[in-house]
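Notes follow once the structure below has been shown.
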Number of protein chains: 2
Amino acid sequence: MAQRDGAGRAPLSRDRVLRAAVVLADRAGLEALSMRSLAQELGVVPMALYKHVANKEQLLDGMVDAVVAEIEPPADDADWRTVVRGCVLSARRALLRHPWAVRVIETRSSPTPGVLAHLDSVVGTFRAGGFSVDLTHHVMHALGSRVWGFTQEVFPSPPPPDPEARTAALRELSGRYPHIAEIVLRGGGHEDASVVGRGCDDQFEFEFALDLLLDGFERLRAQGWSSAARSAGESRAQGA
Amino acid sequence: MAQRDGAGRAPLSRDRVLRAAVVLADRAGLEALSMRSLAQELGVVPMALYKHVANKEQLLDGMVDAVVAEIEPPADDADWRTVVRGCVLSARRALLRHPWAVRVIETRSSPTPGVLAHLDSVVGTFRAGGFSVDLTHHVMHALGSRVWGFTQEVFPSPPPPDPEARTAALRELSGRYPHIAEIVLRGGGHEDASVVGRGCDDQFEFEFALDLLLDGFERLRAQGWSSAARSAGESRAQGA
DNA sequence: ATCCCTGGTGTACGCCGTACACCGATGCGC
DNA sequence: GCGCATCGGTGTACGGCGTACACCAGGGAT
């Protein structure tokens, strides 16, 4: 805005563009974020942005990763429950700071690298806490089928049909996100997983989470739970 | 498409517009649904639609309610758990038939009447099953913080500041959705609810659901749960 | 016969994302 | 020092969007 017009403007960069986009969405809302408004914000002509992001979708991808990067990494020195709880609440705080983010995340057709990295670290925490690959898998779905808003599928819907391309994709996956790969490649679990990386039984995952909650509800009901005590699990006490 | 052009076209109506919109979104995807494409589908000029829906947002509202209307009403003759389970799974089936619907629901700024009616009937089931108003409230949040995608706030964010308008809104609410009203007006619960209908402590609701899940996870882990058995809760057995 | 009301039409505006041609500066091989 | 490619910003233009607004055909009430 107040910068000298003409030559004196700081040079654009993918990073500057992304940051400005996040700020603009925070301030004016997602619907006010257009390539044109963002360009104006940066004192630049709309088409200039396309030298730094391929298109608006990629801009949104970048914004998601910028938000996800704000999630504090797990502190590895506590039990799994404390660590996971901290991770989830940190994610929640990040998403509350950028209320547009969950909507954007949910419209991504496949998860961004930042999201994958975050999920991977949570998976790693469960594994280190003594969860089997199998249970970790379902538990991630239970958290994801909507406590978070993200999870769903790691592969952009179906994995590549070409077997060569698939093994390449898998190798890449296990290099970058070892814990996620472990789940994708799990030996046991769904006995019908004839094809490796075939995705999973969505209906099962949904009912798994649902029944977990229903079990919890019944327990609370049976013991006459009341929020006055402000303690959610029978054995948990939480501050605030 | 194939209908006689000119006079012989069946007359439009809000219902026909909504139905055509749902069909078009099912077939071509949400991003292919525009007022123009929908009008073409109906063999009509775009502006004709505006005689039946106020604008595109209201069109989307109507589509949501059309989908929600497909959810089977609870069968009242079973225990709460069976009924709720049936409701949620029926909702899920409806949403799977119309994959665009959850995205649309999540962009509504306040819940549509159909959504409210559905929630109200689920709340009623919990209440009839012996859940306190208080516990029902939290339990709905736990289900809603994201097992479903909807819930959040009943009032369009803050209730009207004018006290007269607010009591009118509340009277309307308890007439139409008595069970929801009961929760909004609950006496106990959050002791800081100095203003009636003030909304609720979102952070508390989130942690409530989170800890419920974490408790469940821990139980499963401790007992060496494996999906081979295909039974999610310790005490539940479910078909297929 | 008149009038108005309902519902479909036509035109037009301002926004959007972005393809494409262009152009000034910068840096590099000669 | 010079030609030239490369990179980052520009300007114009196109097709699509939602929708405001003026218009009009036909039918029912008066």
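To find a chain, count down the sequence lines: A is the first, B the second, and so on, and within it residues start at 1.
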Completion exercise
Smallest heavy-atom separation, A:Met63 atom then A:Leu18 atom, equals N-CG, 4.2 Å
Practice task
Would you check, one step at a time, whether the test side chain to side chain contact (heavy atoms under 4.5 Å, CB included) holds for A:Lys51 with A:Leu12?
Solution key: CA-CA 9 Å; A:Lys51 298 284 154 119; A:Leu12 243 44; over 6 Å; no
Practice task
Using atom CG of B:Leu38 as one end and atom P of D:dG16 as the other, report the distance to the nearest whole Å.
Solution key: 17 Å
Practice task
Ignoring backbone atoms, establish whether B:His52 has a side-chain N or O less than 4.0 Å from OP1 or OP2 of C:dT6.
Solution key: no
Practice task
Could you tell me whether B:Arg27 and B:Glu41 make a salt bridge, using a distance below 4.0 angstrom between a side-chain N and a carboxylate O?
Solution key: yes
Practice task
Could you state the atom-to-atom distance from CD of B:Gln40 to P of D:dG18 in whole Å?
Solution key: 13 Å
Practice task
Write down the distance between CG (A:Leu59) and P (C:dC16), rounded to a whole number of angstrom.
Solution key: 14 Å
Exercise for the section: Could you tell me whether B:Arg93 and B:Glu70 make a salt bridge, using a distance below 4.0 angstrom between a side-chain N and a carboxylate O? Expected result: no
Handout entry: side chain to side chain contact (heavy atoms under 4.5 Å, CB included) between B:Ile71 and B:Val68, worked out
Key = CA-CA 6 Å; B:Ile71 302 176; B:Val68 170; 4.1 Å; yes
Exercise for the section: Provide, to the nearest angstrom, the distance between the CZ atom belonging to A:Arg14 and the P atom belonging to D:dC7. Expected result: 17 Å
Practice task
Rounded off to whole Å, could you give me the CD-to-P distance for the B:Glu31 and D:dG16 pair?
Solution key: 16 Å
Completion exercise
Rounded to whole Å, the CG-P distance (B:Leu49 to D:dG18) equals 10 Å
Problem - Among A:Leu60, A:Val67, A:Leu59, the one residue meeting side chain to side chain contact (heavy atoms under 4.5 Å, CB included) with A:Val104 - result: A:Leu60
Handout entry: Heavy-atom protein contacts under 4.0 Å, nucleotides 18-24 of chain C, coded B base, S sugar-phosphate only, - none
Key = BBB----
